[in-house]
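Accompanying notes for the structure given below.
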Amino acid sequence: MADYKPNEMMTVAAARALKNDDVCFVGIGQPSAACNLARLTHAPNITLIYESGTLATKPNILPLSIGDGELCETALTTVSVPEMFRYWLQGGRIKVGFLGGAQIDRFANLNTTVVGPYDKPKVRLPGGGGAPEIATSCGEIFIIMAQGKRSFVDKLDFVTSIGHVSGGDSRAKLGVKTKGPTKLITDLALFEPDPQTKEMTVLSIHPGVTREQIQENSGWPIKFAAKVAETPPPTQRELEVLRELHSRTNRAHAEAA
Amino acid sequence: MADYKPNEMMTVAAARALKNDDVCFVGIGQPSAACNLARLTHAPNITLIYESGTLATKPNILPLSIGDGELCETALTTVSVPEMFRYWLQGGRIKVGFLGGAQIDRFANLNTTVVGPYDKPKVRLPGGGGAPEIATSCGEIFIIMAQGKRSFVDKLDFVTSIGHVSGGDSRAKLGVKTKGPTKLITDLALFEPDPQTKEMTVLSIHPGVTREQIQENSGWPIKFAAKVAETPPPTQRELEVLRELHSRTNRAHAEAA
Amino acid sequence: VFSWGGNPGVGSLHRLRDAIENGWPQKLELEEHSHAAMANAYEAGAAGLPCAIFRGYIGGDLAKVNSKIKRVTCPFTGEELAVIPAHRPDVAVIHAQRADKAGNVMIEGVLGVQKEAVLASKHSVVTVEEIVDELPERSLNAVVLPHWTVGHVVEVPGGAWPSYAQGYYPRNNGFYKEWDAISRERDSFHAWMKENVLSKGPEAFAKYARKHRMAAE
Amino acid sequence: VFSWGGNPGVGSLHRLRDAIENGWPQKLELEEHSHAAMANAYEAGAAGLPCAIFRGYIGGDLAKVNSKIKRVTCPFTGEELAVIPAHRPDVAVIHAQRADKAGNVMIEGVLGVQKEAVLASKHSVVTVEEIVDELPERSLNAVVLPHWTVGHVVEVPGGAWPSYAQGYYPRNNGFYKEWDAISRERDSFHAWMKENVLSKGPEAFAKYARKHRMAAE
């Protein structure tokens, strides 16, 4: 078995959640790595869409920004941003949306806006970007985030985009017809919402990780499913493809200013 | 002086109303002939827009339909119809809109919908098409129509698109900020709205036409301006260019089915 | 649901007039709009919205005879705007230049509301001039309907006839003019329909259309 | 008025954070939206509408801290939709690949909201990589801003630097990463600004940008 980092396990686990016929709205960073790993391994025909307007793109290197030329050159076509948000996202044409955030709570609501009060923040984060509507317009949402006490919190400072709101049927009661977060993939485990309460629940633990570690890196008492599986470790091929993708990307982004 | 038909005088008079830097929304038929005559004579840089989405088109022959390929091939570019109506027409980017109709009244309101009652029409006309919003969104409106008792009526059977409504400031009171019909060009005369009452008033009579003829071919008592000019007859060049345009067009449209 | 019913540049659609004026062969249920309204209704349908707002239908009679035309007030400026339901057809049928084997459809030329119609509809059928292995070299912003948004793709060379397919063959304006005479009377229309449509299968059109396309090449 | 304030793929915009968190060098007045809202606001601005409706801002806190986000009810379905004011900037500045001598501007690649920004703004300045006699052979549906919709066109080769111009030169991702260190502290930012901007004229950037573009050819 190859040696690998928790971060690599996280990306690989996220990639495996994707299917060959999925249509994905991809965010920059971890989601982008996971989606392209899926495309370069088991899901060659997956449709990747970036919010800059690129439809069905097949980048050879990971983009640093959402608007990198690489995305456009390898796309089926590129539409304007108003069209992207109107015809494609709001039109209900995206099956899976990938999100990350600075803070998450047990119902997978996300904060990417501020730490501290909105008017006088301790940390001003970049903001919601596409997340508020991605969270409600995509068929389902996958969240990819490394765990930690500061990011997995009991109460969000600000709700930038909703997950399962306050659990149960509270999301549906807002009139939202999409499923919301169906998977939360961390560097330690894989969570899915409990069918009734909608609280994010550990279904599978990555190899070598303990329940205590998962709890220590979370700000609320973590629920575990009745049967918790062990996540299969990354295969040799998954690691190779991922590392080649990252090293191609790093070489391309390293040019001097 | 060349011999010419009333219809040719009408087209030439309409073409003369256009300026080199105008941006025109062009309808099929008489307006299309007038706009292209202007482009081929004194207004080579006029911007012609057809509602099918063609921007700045320079057709060599007149289109039979609004969507003829000729319009697209000679255009700066072609946009979708929703964009045409949203960004271009509603966006206030068109200076002059050209309209015609089956019926017109003294305030240049137009009917292209029905003769007789709407639910049980004597004649069902093709309908409004782009006219209702062209009439209110273009900076000003030129109307081109041959006169006759059945088309110049005291009261429209149906108001498809507004002109000066019931005269005076009644158009502005509806919240419409554009000028509305500033010229009505017929086969007999040129009308403009009276500055106060907004009733369409004869400013210029085509050569050889009498006031009586104009009155006989109208369903309401026609107003004449204090000073009525005689329309200069078509020049040799205007007639040549117009006739060449029509014969090119007829040759192109005559191919057998 | 329509905004214009005529034979472009020729005149009336006589069969439509006969149906509306005389109820022959039967009465039609009509919902009449302007082009701007229809364009906005298709756009809203493609955008997954229930309705569209636009500046329109001011002062005219159409809003009086169509109960689907309502008003909404902008909460920021107080301006009254027209609001109409989004258009969501059961089926859209369009014709395009080409598709690849995966079913991605590329459209070029006068776009109309074709892309919106497919995106707004529950089901769609796209006929194309040709199905190719890969879409040709194209603009980075080419108008393409990705395969997963298209229901069915069928190769029908000449399928736009008597209209045209940009880059393949021109509009047969002569036929549009002939149609005026054919369709003017019930008898002449019936005779033409019987000879050319009712007593023949779709292969007859396919052969005829293909011939016309070939003639243009 | 913004929907995301970061250095894409790198992290925070440290100077923006300093202004918001510490009011340095002064407090900023912010109106915060989502991307979907901004995209719709530009679209409505280009379309001459006073406001935009869309399905958004459901359940989150942004609508609580931005009083410009209101609700409107669809008169046909009863669905509540978000409504926001159209965005009508005083001036739009965009960079495009090329313009012709008449001032028609052709854009290709990642379009963003550039066309909408120009159409929605009272004034506009478009910098281009090159001004050509005639726009090149192009798609029938190429994205072109006609000359009469554009305020000013200026030729600035390399003008997108450190970003990219599709077909001319790539994004200088290295500089975006370096910017993280330069802008992290007030002192390093000041020093860089003094050396590269404040004590130099626009010619310095023009020369520098041109050099970077040439290097890519």
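Order of the sequence lines sets the chain letters (A, B, ...), proteins ahead of strands, with each chain counted from 1. Scope of the values below: all heavy atoms of this structure, side chains included, with no hydrogens, waters or symmetry mates. Every value quoted in this text rests on a predicted model; they were computed, and no experiment measured them.
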request  = For chain D, find which of A:Ala131, A:Gly67, A:Ser170 contributes the most heavy-atom pairs closer than 4.5 angstrom.
outcome  = A:Gly67
inquiry  = How about NZ on A:Lys177, more than 12 heavy atoms from neighbouring residues, nucleotides or ligands closer than 6.0 Å, or not?
reply    = no
A:Val114 versus chain D, the contacting section by heavy-atom distance below 4.5 Å = neither
message = Name the residue from D:Ile20, D:Leu16, D:Leu13, D:Asp18 that meets the side-chain contact (heavy atoms from CB on, under 4.5 Å) definition with A:Arg124.
response = D:Ile20
ask   = When you measure from the side chain of D:Asp61 to the backbone N and O of A:Val159, does any donor-acceptor pair fall under 3.5 Å?
value = yes
Atom CZ of D:Arg15 with >12 non-hydrogen neighbours under 6.0 angstrom = yes
key: Contacting region of A:Glu51 [heavy-atom separation from chain D under 4.5 Å]   = side chain
query = In terms of heavy-atom proximity below 4.5 Å to chain D, should A:Gln90 be classed as side chain, backbone, both, or neither?
reply = both
request  = Side chain from CB out, backbone as N, CA, C, O: work out which of these in D:Lys64 comes under 4.5 Å of a heavy atom of chain A, or both, or neither.
outcome  = neither
note = Comparing D:Asn40, D:Leu62, D:Val65 against chain A, the one with the most heavy-atom pairs below 4.5 Å turns out to be D:Val65
Value rounded to 0.5 Å, distance of CD in D:Gln166 from OG1 in A:Thr78 = 8.0 Å
request  = Could you pull out the closest heavy-atom pair between D:Asn173 and A:His253, with the gap in Å?
outcome  = ND2-CD2, 3.3 Å
query = Hey, is NZ on A:Lys95 packed in by over 12 heavy atoms from elsewhere, all under 6.0 Å?
reply = yes
note = Between A:Ser65 and D:Pro8, the two heavy atoms sitting closest are CB-CB, 3.4 Å
Least distance between heavy atoms, A:Pro126 atom then D:Gly11 atom = CG-O, 4.4 Å
query = So, for D:Val113 and A:Pro82, which heavy atoms are closest and what is the spacing to 0.1 Å?
reply = CG1-CD, 3.7 Å
Side chain, backbone, both or neither of A:Val176 within contact of chain D (heavy atoms, under 4.5 Å) = side chain
task = Would you give the length of the straight line joining atom NZ of A:Lys120 to atom NZ of D:Lys27, rounded to the nearest 0.5 angstrom?
result = 6.0 Å
request  = Name the option with the most non-hydrogen atom pairs under 4.5 Å to chain D; the candidates are A:Ser137, A:Pro121, A:Gly53.
outcome  = A:Pro121
note = Applying a strict 4.5 Å limit to non-hydrogen atoms, the region of A:Ile162 in contact with chain D is side chain
ask   = So which part of A:Thr136 gets closer than 4.5 Å to some heavy atom of chain D, the side chain, the backbone, both or neither?
value = side chain
ask   = By a 4.5 Å heavy-atom criterion (distance strictly below it), what part of D:Glu21 contacts chain A: side chain, backbone, both, or neither?
value = both
key: Test log, rule side chain to side chain donor-acceptor pair (under 3.5 Å), inputs D:Glu32 and A:Tyr118   = CA-CA 11 Å; D:Glu32 185 164 3; A:Tyr118 183 79; 2.6 Å; yes
Option in D:Glu43, D:Met38, D:Arg55 with maximal non-hydrogen atom pairs under 4.5 Å from chain A = D:Arg55
query = Between D:Lys115 and A:Ser80, is any pair of side-chain heavy atoms under 4.5 Å apart?
reply = no
remark   = Closest non-hydrogen atoms of D:His35 and A:Gly130, given as atom of the first, atom of the second and distance, are CD2-N, 3.2 Å
key: Atom group of D:Phe54 that falls short of 4.5 Å from chain A, counting heavy atoms   = both
note = Between A:Leu64 and D:Lys177 the two heavy atoms that sit nearest each other are CD1-CE, 4.1 Å
remark   = Of the listed A:Val123, A:Leu174, A:Leu156, the one with the largest count of heavy-atom pairs under 4.5 Å with chain D is A:Val123
Separation between CD1 of A:Ile66 and CH2 of D:Trp4, rounded to the nearest 0.5 Å = 8.5 Å
